[in-house]
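Heads up, the thing below is written out as structure tokens.
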Amino acid sequence: MSHTDNCIKRDHYSKELKNTNVELVTVTGWISSIRSHKNIRFVTIQDRFGEIQIVAKRGTCNNDIFDMIPKLKEHSSISVNGKLQSSEKSPNGVEIIPFQINIISKAEKISPFNNNAKTLESIDTRLDLRAIDLRRKSLRDLFLIRNEILKSIRKYFYQNYFVEVNTPKIISTSTEGGSSLFPVFYYNKEAFLAQSPQLYKEQLTMSFEKVFEISSIFRAEASRTNRHLSEAISIDFEEAFVNYFDIMVRLEHIIKTSLETLNRFIKCQNIVIDIPKTQDVIPKYTYDDLINEIQKTGYDVEWGDDISPKHLKKLGLNDFYFIIDWPNSTKPFYVKDKSKTISESFDLMYGDLEISSGSTRISNKIEIKNKMQNKSMHTNLFDYHLRVFDYGMPPHSGCGIGLERFLMVLTNTTNIRDVSFYPRDVDRLIP
Ligand code: ATP
């Protein structure tokens, strides 16, 4: 054994070991398990791609190395130099007989939760030590899936001529309704954290036509649920010269692409999860129809009320579907009217979970001003936005997809905190 501050440089990742002709390799990673039998000892190292088995047999490896293995600590970062050999029993078909083990960074404490457990009792204990929690395979898989899904969605947007944008996250006014805003000090003024990129992405359709943004949205959600975060990631897109039906078609494409990506990825990574079935066309139900159906189940709801998850549960709706043509009164001021009572709007649902909400937007200045006045809003606070309507605002439509909600559906995860790196909720501001 040699203790050293010098990190021995890796020459192979775990996934490269199977297909190399090199006999002597150096790998690095952190220890995920140590097992000792009488004359044989195993250390499993994890790296960014997977696991590597180190096998030390008494008599065939250096005695110092054999003796030091039981003294190693899980989670320590180590490097191992040794001989690569094939092994049917090892997880990736190869194993390393160690010539040298370097402890690069020793774990000083035992993790309060089991590294290999799939489900654990206290999410709070895990979140308190999130960086270590994320070393667990089942959780890392979720975030690797997240990575693949984001790549495929970005690819979809680029292939369809969308431009990736970034809009301000410190803003002066609310867009979705004032109650769920986080106020911040901005020099000597009051400002807010953005609930959505709404007005800015709409403005950007004036020059780029098709824009998307993948970024944080901030919602002061005082309720404790498994589907709300105070900081969530939203995949927003907005498109000029189209209406809300065109946006729903885009969502169908995005879901299809995401499911294809997911299917390929879990097969190639041997990840076992239940994933949603592919639907070429996603059914559409009008708000009117659903309210009627809900009333028939005995719930005391009136036309104009919101539709809640408990109502949808009762209807037993499964898979993806759209609820379209919501009452004007339930939607924000920038949503276009379809008639005196309903709007050109939709929510994308999966079972009783809302994944996305979108609409045709108002592109006429008088119309949007009237809407704001009807909703008792101060139009002067929105001068910065209304003034661009004087310069040929195109008709446009768009939506926002909650990334964590979408991932919950794709990976069959029940708690939204499990698909957020560092979740923020009413009780949690660290780590
Ligand atoms: P809900 O009624 O479920 O609270 P919402 O109607 O407030 O959602 P929108 O303002 O329409 O949501 O936001 C668009 C999408 O952003 C939602 O469909 C959802 O996927 C996601 N989203 C909104 N708020 C949150 C949140 N607090 N945590 C996680 N995702 C959110």
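What you see is a predicted model, and the numbers here were worked out from it, not measured in a lab. Remember, it's 1-based here, ligands and their atoms both numbered in the order they're listed.
Residue-level proximity to ligand 1 for Q195 is absent, since no heavy atom of it falls below 4.0 angstrom.
Using a 4.0 Å cut-off between a side-chain N of Lys or Arg and a carboxylate O of Asp or Glu, K137 and D141 qualify as a salt bridge. Between E344 and R361, no side-chain nitrogen of the basic residue sits less than 4.0 Å from a carboxylate oxygen of the acidic one, so the salt-bridge criterion is not met.
Within the 4.0 Å heavy-atom shell around ligand 1 one finds G400.
Numbered from 1 in the order shown, with element, the atoms of ligand 1 that lie under 4.0 Å from a heavy atom of I416 read 29 (C). In the vicinity of A232, heavy-atom distances shorter than 4.0 Å reach the ligand 1 atoms 28 (N), 29 (C), 30 (N). Atom numbering of ligand 1 starts at 1 in the shown order; those under 4.0 Å from a heavy atom of S356 are 18 (O). Set against the non-hydrogen atoms of R227, the atoms of ligand 1 under 4.0 Å away are 28 (N), 29 (C).
The aromatic rings of H385 and F389 stand perpendicular to each other, their planes meeting at an angle above 60°, with 30° marking the opposite boundary. Ring planes of F162 and F237: perpendicular class, angle over 60° (limits at 30 and 60°).
Remark: ligand 1 and I355 share an N or O pair separated by less than 3.5 Å (distance only, no angle test).
Not counting sequence neighbours, the partners of R227 by the side-chain contact (heavy atoms from CB on, under 4.5 Å) test are T225, P309, D352, L353, R405.
Within the structure, the salt bridge (Lys or Arg N to Asp or Glu O under 4.0 Å) test picks out the following pairs touching residues 323-335 (sequence neighbours left out): D325-K338, K331-D347.
When the heavy atoms of H228, E221, R405, E354 are ranked by distance to atom 6 (O) of ligand 1, first place goes to E354.
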